[in-house]
There are 4 protein chains.
Amino acid sequence: MTGVALCLFLYVGDVAADDGLPDPGMSIEPGRTALVVTDPQNDFLSPDGVTWGVVGKNVTENKTVENIDALFETAKDVGMPVFISPHYYYPHDHRWKMEGTLEALMHSIGMFDREDALSLDGFEGSGADWLEQYKRYIDDGKTVVTSPHKVYGPESNDLVLQLRKAGISKIVLAGMSANLCTESHMRELVEQGFEVYVAYDATAAAQLPKWDGYSAAMTNYRMISNHVAPTSVAVKEIRKAYK
Amino acid sequence: MTGVALCLFLYVGDVAADDGLPDPGMSIEPGRTALVVTDPQNDFLSPDGVTWGVVGKNVTENKTVENIDALFETAKDVGMPVFISPHYYYPHDHRWKMEGTLEALMHSIGMFDREDALSLDGFEGSGADWLEQYKRYIDDGKTVVTSPHKVYGPESNDLVLQLRKAGISKIVLAGMSANLCTESHMRELVEQGFEVYVAYDATAAAQLPKWDGYSAAMTNYRMISNHVAPTSVAVKEIRKAYK
Amino acid sequence: MTGVALCLFLYVGDVAADDGLPDPGMSIEPGRTALVVTDPQNDFLSPDGVTWGVVGKNVTENKTVENIDALFETAKDVGMPVFISPHYYYPHDHRWKMEGTLEALMHSIGMFDREDALSLDGFEGSGADWLEQYKRYIDDGKTVVTSPHKVYGPESNDLVLQLRKAGISKIVLAGMSANLCTESHMRELVEQGFEVYVAYDATAAAQLPKWDGYSAAMTNYRMISNHVAPTSVAVKEIRKAYK
Amino acid sequence: MTGVALCLFLYVGDVAADDGLPDPGMSIEPGRTALVVTDPQNDFLSPDGVTWGVVGKNVTENKTVENIDALFETAKDVGMPVFISPHYYYPHDHRWKMEGTLEALMHSIGMFDREDALSLDGFEGSGADWLEQYKRYIDDGKTVVTSPHKVYGPESNDLVLQLRKAGISKIVLAGMSANLCTESHMRELVEQGFEVYVAYDATAAAQLPKWDGYSAAMTNYRMISNHVAPTSVAVKEIRKAYK
């Protein structure tokens, strides 16, 4: 038999308005708030990346690349701390005895592959490298780049510790991909007692004929996080908080 | 502005067929596999529960109550271990200084409320109590009832430890609600290196005009877990494995 | 062959003085600091408890019961939040397929046993119950009693979440037993980015001819935590901070 | 005031004999058992390392370098999986707002410092690099090197996930330093439901006039793990299991 899905989503402006749910909100508080970006890497965000065929349309429609850039620029401009949680796979990860569906897929297409944690051979410009236009933000000597997460969430890296050691308890969240790493980061950060504000168009997801990752993420962002808003609003609220 | 969502989902039979994704599958292996059920409690599954207005239609359509029952019955019949991860809120949880959207909502409607971890006054038959028809399975002296999870996932209870101490590494997952506790359990179990098989009609979710929790969960189950199947298939595979 | 241990420890006053290690210190900051007490239960602290034979001498020498009481009284008096992380074992815990040395021992002597998470039959006054003199503090409607930890640390309960949801990032730590649950709580809280101040005589440990749990704990408290001090000093610093 | 500690420890042969504690034991089971080594790095094990002044005597007495080597050699010879959990600090770690005592000390002496997670400049032969004689084991293309732990335990890296993804549930544990990273790994692995066998002379600790880290570790290894044995016995048991 079959599954039928017909979906049309247009997310513009205040997606939370009149939807029957409360909106706890999250005030941007300098000194306790950070920008967290998941997987700002070529394999998701560059037309040359291995997933462009399934995420490219959504990245383009959402202006994801531009929106993540706007968040980076704003955070750096006002002095809000920035944390990057990257995704890398090493040869030993390809020997795992058990893998979920998209773990299997990511491994089969060589996504985020690096030669070794202690080797940078072939890294520069690869699918695992940062999108070129973000390097000026990430390589400024201030951005905290955590160890790689290995499935989708930060359970297997040092993101939570780095945030706590910096006195951070509130997160503006962006990055790739919407319903996988970004959502798993949102969920785990909420489980760890952080407040999370999702910039919902500074992300995008794989969209397949039967499965729309972006629609799934939007639903869960709205239900689970403290607040969702488009990047244009997030940028304004960050600038206002730091005045 | 506004968000527009028009969705029609009919999930029948093999939802994974021809969807362009691999299917790693998960063999049911006696001695290493357990049934995990999240929140089999009145507030989700009884017409008297506080969430029936938003989940009742989906519970009814999916035959969620009957499907969870079929999984309980099958597991008990063949001797497969069963673990329950319940959801309780105590008065001190209502004093939290930060809450995500549905945490705020659950607290405001008194969902899963208990008087105290060390008091059972008023518990019997309350929204926090087990659905009456499941008590014969849960109270049989063999089922492991973990401590309550407090947000959505098992990060704040002993589920992972109890599974490992029982030698379990593979999970058949069911329970409520689809995109919240059930999905957060799926995600955390995968992060912890378990294989997860989701019985996708032994769950259901809140469905609001703008946000369909069940559709979101189906997408993420399919993309993240090792395998999805309807309860009827799961029951057959469990029985076959134990022959 | 054999292990020989000859140890004489007298901990009085400033144990950190002149020991060659830095002392980061921890300021008590109202609103962000809490008292966390592990296992203030009869099986550790009452002469009728199952471990009194190995911990009683150390409990008596340290005046552990009185010191924990002094911390409770001080915290309640000034309004500092108090969190209890208890230890309970249920019948299903006795069916674990793997146990470390003292897990095996605790189970064999029936330590912290309760009939069921959802039963209080026989709980009152049992080894798992609070030491009688602490009930006025713990049952005041304000103290947060977390779910039980199941091995030694708070990894399997909701302590970290409850602290974060209350805005707490600094801990004054006390309770039983020094090198097991108290130390595992210290270690995990430090891993989670909390600052920890150990009241080193508001705890005690099993002392066996070959193995001195208290000496081990003192070494690790001093090396790992942010600050150690006797209860008398901790009480003064708490009162001063809240003036 | 002062703390007085006079300790003489000689650990030879079966330290667990006649000590009044049960010995659960741990059978070495091919396919489910791995060797885990913490911090086999110059800053702990080389006379040129920054901690040699406080750990060198214990490393020499225990023959720690030789014992870790014997475990590596045995594991590689029989085909037992090997996992390394290293310790690295990056410039951003030096900006943490809160540090425990030895975290502060490690940072002040530049221990385990690297220039950046994405830079290997100056790494070769530095204090953060592997002890030279272990490189043939670690760089063989089979050993799994996890992300660095950042405090003492594996909570902030992917060790637990990598072990689970390899089907491992039993650990032979060795490495540096005894009461800090090695013990925190033991504790966390036990919390995660692993069985742990500590090779107690394939480790060593800082020993200060007032604080003996090795004595503390021995006490806690014996009380918490499943089994302790000298390397000579561990090597024999591994070889026997793989015959």
Side-chain angles (χ1 to χ4, degrees), chain B residues 31-32 81-100 103 107 114-121 123-124 128-130 135 138-168 192, chain C residues 31-32 81-100 103 107 114-121 123-124 128-130 135 138-168 192:
Chain B
R32 301 190 54 190
V82 177
F83 294 74
I84 310 288
S85 178
H87 208 153
Y88 303 130
Y89 286 123
Y90 305 122
H92 60 248
D93 301 322
H94 286 262
R95 299 197 296 266
W96 288 350
K97 293 188 177 172
M98 57 198 84
E99 296 169 326
E103 291 172 84
H107 287 163
R114 281 181 53 188
E115 204 169 88
D116 189 342
L118 291 171
S119 164
L120 292 164
D121 289 357
F123 178 66
E124 176 91 25
D129 198 4
W130 315 125
K135 290 187 178 178
I138 300 175
D139 297 340
D140 71 345
K142 293 180 183 168
T143 301
V144 175
V145 177
T146 69
S147 296
H149 50 275
K150 304 301 293 189
V151 183
Y152 305 108
E155 284 88 335
S156 52
N157 75 9
D158 58 328
L159 176 65
V160 167
L161 178 73
Q162 294 289 353
L163 292 167
R164 293 303 184 187
K165 288 282 195 181
I168 301 298
Q192 295 287 342
Chain C
R32 303 190 54 190
V82 176
F83 294 74
I84 310 289
S85 178
H87 208 153
Y88 303 130
Y89 284 123
Y90 305 122
H92 60 248
D93 300 322
H94 285 263
R95 300 197 297 267
W96 287 350
K97 293 187 177 172
M98 56 199 83
E99 295 168 327
E103 290 173 83
H107 286 163
R114 281 181 53 188
E115 205 170 85
D116 190 342
L118 291 170
S119 164
L120 293 165
D121 289 357
F123 178 66
E124 175 90 25
D129 198 5
W130 314 126
K135 289 186 178 178
I138 301 176
D139 298 341
D140 70 345
K142 293 180 182 168
T143 300
V144 175
V145 177
T146 70
S147 295
H149 50 275
K150 304 303 291 190
V151 184
Y152 305 108
E155 285 90 334
S156 52
N157 75 10
D158 57 329
L159 176 64
V160 167
L161 178 72
Q162 294 288 356
L163 292 168
R164 293 302 186 189
K165 288 282 196 182
I168 302 298
Q192 295 288 341

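Source: prediction; values computed, not measured.
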Do C:Tyr88 side-chain atoms and C:Asp129 backbone N/O form a donor-acceptor pair below 3.5 Å?
no

Side chain from CB out, backbone as N, CA, C, O: work out which of these in B:Tyr90 comes under 4.5 Å of a heavy atom of chain C, or both, or neither.
neither

Got a salt bridge between C:Asp93 and B:Lys165, using NZ or NE/NH1/NH2 to carboxylate O under 4.0 Å?
no

Most contacts with chain C, counted as non-hydrogen pairs under 4.5 angstrom, among B:Asp116, B:Val145, B:Leu118, B:Asn157
B:Leu118

Do the rings of B:His94 and B:His107 sit parallel, tilted or perpendicular, given the 30° and 60° boundaries?
tilted

Does any backbone or side-chain atom of B:Leu120 lie under 4.5 Å from a heavy atom of chain C? Answer side chain, backbone, both or neither.
both

Honestly, the part of B:Glu103 sitting under 4.5 Å from a heavy atom of chain C is side chain

Please classify the contact of B:Thr146 with chain C as side chain, backbone, both or neither, using a heavy-atom distance under 4.5 Å.
neither

Using a 3.5 Å distance criterion without hydrogens, assess whether the side chain of C:His92 forms a donor-acceptor pair with backbone atoms of B:Lys142.
no

How close do C:Phe83 and C:Ala166 get, heavy atom to heavy atom, and via which atoms?
CZ-CB, 3.9 Å

